[in-house]
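What follows is a single structure, written as structure tokens, with notes after it.
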Amino acid sequence: MKVALDKGQFGPWALVTGASSGIGKEFARQIAASGINVVLVARRDALLAELGRAISQEFDVQYRALAMDLSQEGFLAGLSDATHDIDIGLVVSNAGTGNPGEFLQLDRQLLQATLRLNTMAHLDITHHFGAKLAERRGGGLILVGAMGAENGVPCMANDGAAKAYVHSLGEALHYEFKPLGVYVTVLAAGFTDTAVLEKFGLDPKTMPMKPMSIEQCVSEGLSGLLRNRSKIVPGRLNRIMNALVPASLARKMEADILGKGLASKSASARARAEA
């Protein structure tokens, strides 16, 4: 499902963080398909440049590839300098990562770095670019979260808690920014068919629920933005589950899925080590 964005409202430039792969990469593609120029932000410079060249040729748009680590304090100064001369009408704050595992088995410094990326980066970006959107009296902001984050996610306790912050921030800003003419939508994605699943030890072919395609996830997110929805859970089945499944049962289901995935990943690692 292709979503057409109004360049007058959401252009002429859009900024997408975490753009080198997965959901962020697909956001960049679908936004560029509407003829909107894109600023691509992520750590991996080569992948950003490759994506930028591809969408520039396919959709006849301009791009800027900015290799930055948003988990580092002070990144905003460089991002501001690199974008001060262009009119950004849409911001997709998507950068983030997950570190699955039992909470007490994970390194505290890793947890802290992940928390900075998954919360403070969203805060800095929304505050800085939100002010610019408010000044232009129009545009949009999408914050990418995760379905069920408010309930707590076993085996991803820190990551789920960070996404709950993103949800609360985005839904509050939806209310605050509405009188300013700025649309704000939280995309609460469920399991999506990206390379991240492998990190969790999950195989899309054997999962109890087929993960959503990134194309559908992103298109529903953009559609939600066009309707100025405060929050969108992509996928009809995901929406039904999110509305009807009690939080305690949702936690158990997620714990079972992630626990089995991590056990499978650990077993595979041992087998390779012994081979």
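Take S213 and apply the side chain to side chain donor-acceptor pair (under 3.5 Å) test, not counting sequence neighbours, and it matches no residue. Residues forming a side chain to side chain donor-acceptor pair (under 3.5 Å) with K260 (at least two apart in sequence, or on another chain): none. Residues passing the salt bridge (charged side-chain N to carboxylate O under 4.0 Å, His left out) test with D87 are R136, sequence neighbours excluded. D45 meets the salt bridge (charged side-chain N to carboxylate O under 4.0 Å, His left out) test with no other residue; sequence neighbours excluded. In terms of the salt bridge (charged side-chain N to carboxylate O under 4.0 Å, His left out) criterion, residue partners of D85 (sequence neighbours excluded) are, by chain and number, R64. Under the side chain to side chain donor-acceptor pair (under 3.5 Å) criterion, S71 pairs with D69, not counting sequence neighbours. For K132, there are no salt bridge (charged side-chain N to carboxylate O under 4.0 Å, His left out) partners two or more places apart in sequence or in a different chain.
Residues in residues 92-102 take part in no salt bridge (charged side-chain N to carboxylate O under 4.0 Å, His left out) pair, two or more places apart or across chains. Residue pairs meeting the salt bridge (charged side-chain N to carboxylate O under 4.0 Å, His left out) criterion with at least one member in residues 23-42, sequence neighbours excluded, are R29-E58. Legend: salt bridge (charged side-chain N to carboxylate O under 4.0 Å, His left out) pairs involving residues 232-243, not counting sequence neighbours, sorted by first then second residue: E220-R239. For the salt bridge (charged side-chain N to carboxylate O under 4.0 Å, His left out) condition, the pairs that include at least one residue of residues 140-162, sequence neighbours left out, are E150-K231.
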Please set out all donor-acceptor pairs under 3.5 angstrom arising from side-chain atoms of residues 178-194, sequence neighbours excluded.
unit_1	atom_1	unit_2	atom_2	d
T185	OG1	R229	O	2.6
T192	OG1	G190	O	3.0
T194	OG1	V196	N	3.3

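Other residues, nucleotides and ligands contribute over 12 non-hydrogen atoms within 6.0 Å of the CG atom of D81. At most 12 non-hydrogen atoms from other residues, nucleotides or ligands lie less than 6.0 angstrom from CD of E50.
A149 and A164 get closest at one heavy-atom pair: CB-N, 3.7 Å. Considering all non-hydrogen atoms of both residues, L70 and A121 come closest at O-CB, 3.8 Å. Scanning both residues, G145 and K163, for their nearest heavy atoms gives CA-CD, 3.7 Å. Of all the heavy atoms in K7 and G35, the pair that sits closest is CD-O, 3.2 Å. Nearest heavy atom pair, residue C217 against residue I23, reads SG-CD1, 4.1 Å. Shown here for L40 and A28, the closest heavy-atom pair between the two residues is CD2-CB, 3.6 Å.
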TODO: Please test F59 against V38 for side-chain contact (heavy atoms from CB on, under 4.5 Å), starting from the C-alpha separation and ending with a verdict.
DONE: CA-CA 11 Å; F59 303 115; V38 287; over 6 Å; no
- [ ] Evaluate the criterion side-chain contact (heavy atoms from CB on, under 4.5 Å) for residue pair S20 and R43; output intermediate values, then yes/no.
- [x] CA-CA 8 Å; S20 59; R43 290 181 301 172; over 6 Å; no
TODO: Take V16 and L90 through the side-chain contact (heavy atoms from CB on, under 4.5 Å) test and state the conclusion after the steps.
DONE: CA-CA 8 Å; V16 182; L90 175 60; over 6 Å; no
TODO: Show the numbers, then the answer: is there a side-chain contact (heavy atoms from CB on, under 4.5 Å) between M253 and D256?
DONE: CA-CA 5 Å; M253 292 169 62; D256 288 344; 5.7 Å; no
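Under the 4.5 Å side-chain heavy-atom criterion for grouping Ile, Leu, Val, Met, Phe, Trp and Tyr, I257 is not connected to F103 through any hydrophobic cluster. Residues Y63 and V41 do not share a hydrophobic cluster, defined by chaining ILVMFWY side chains whose heavy atoms lie under 4.5 Å apart.
A 4.5 Å side-chain heavy-atom check between P100 and C155 finds every atom pair outside the cut-off.
Put simply, CG on N118 and OH on Y165 are 12.0 Å apart, with the number rounded to the nearest 0.5 Å. Taking CG from L110 and OG1 from T114, the interatomic distance works out to 4.0 Å, rounded to the nearest 0.5 Å. Distance check, rounded to the nearest 0.5 Å: CZ of F27 to CD1 of I142 gives 4.0 Å. Atom-to-atom distance recorded for S223:OG and Q30:CD is 10.5 Å, nearest 0.5 angstrom. Interatomic distance, L141 CG to L143 CG, rounded to the nearest 0.5 Å: 4.5 Å. The structure places CG of D124 at 9.0 Å from CD of E73, a figure rounded to the nearest 0.5 Å.
No donor-acceptor distance shorter than 3.5 angstrom exists from the side chain of N242 to the backbone of N238, with no hydrogens or angles considered. N37 contributes no side-chain N or O that, together with a main-chain N or O of W13, makes up a donor-acceptor pair within less than 3.5 Å. Looking only at distances, a side-chain donor or acceptor of N158 sits under 3.5 Å from a matching main-chain atom of L111.
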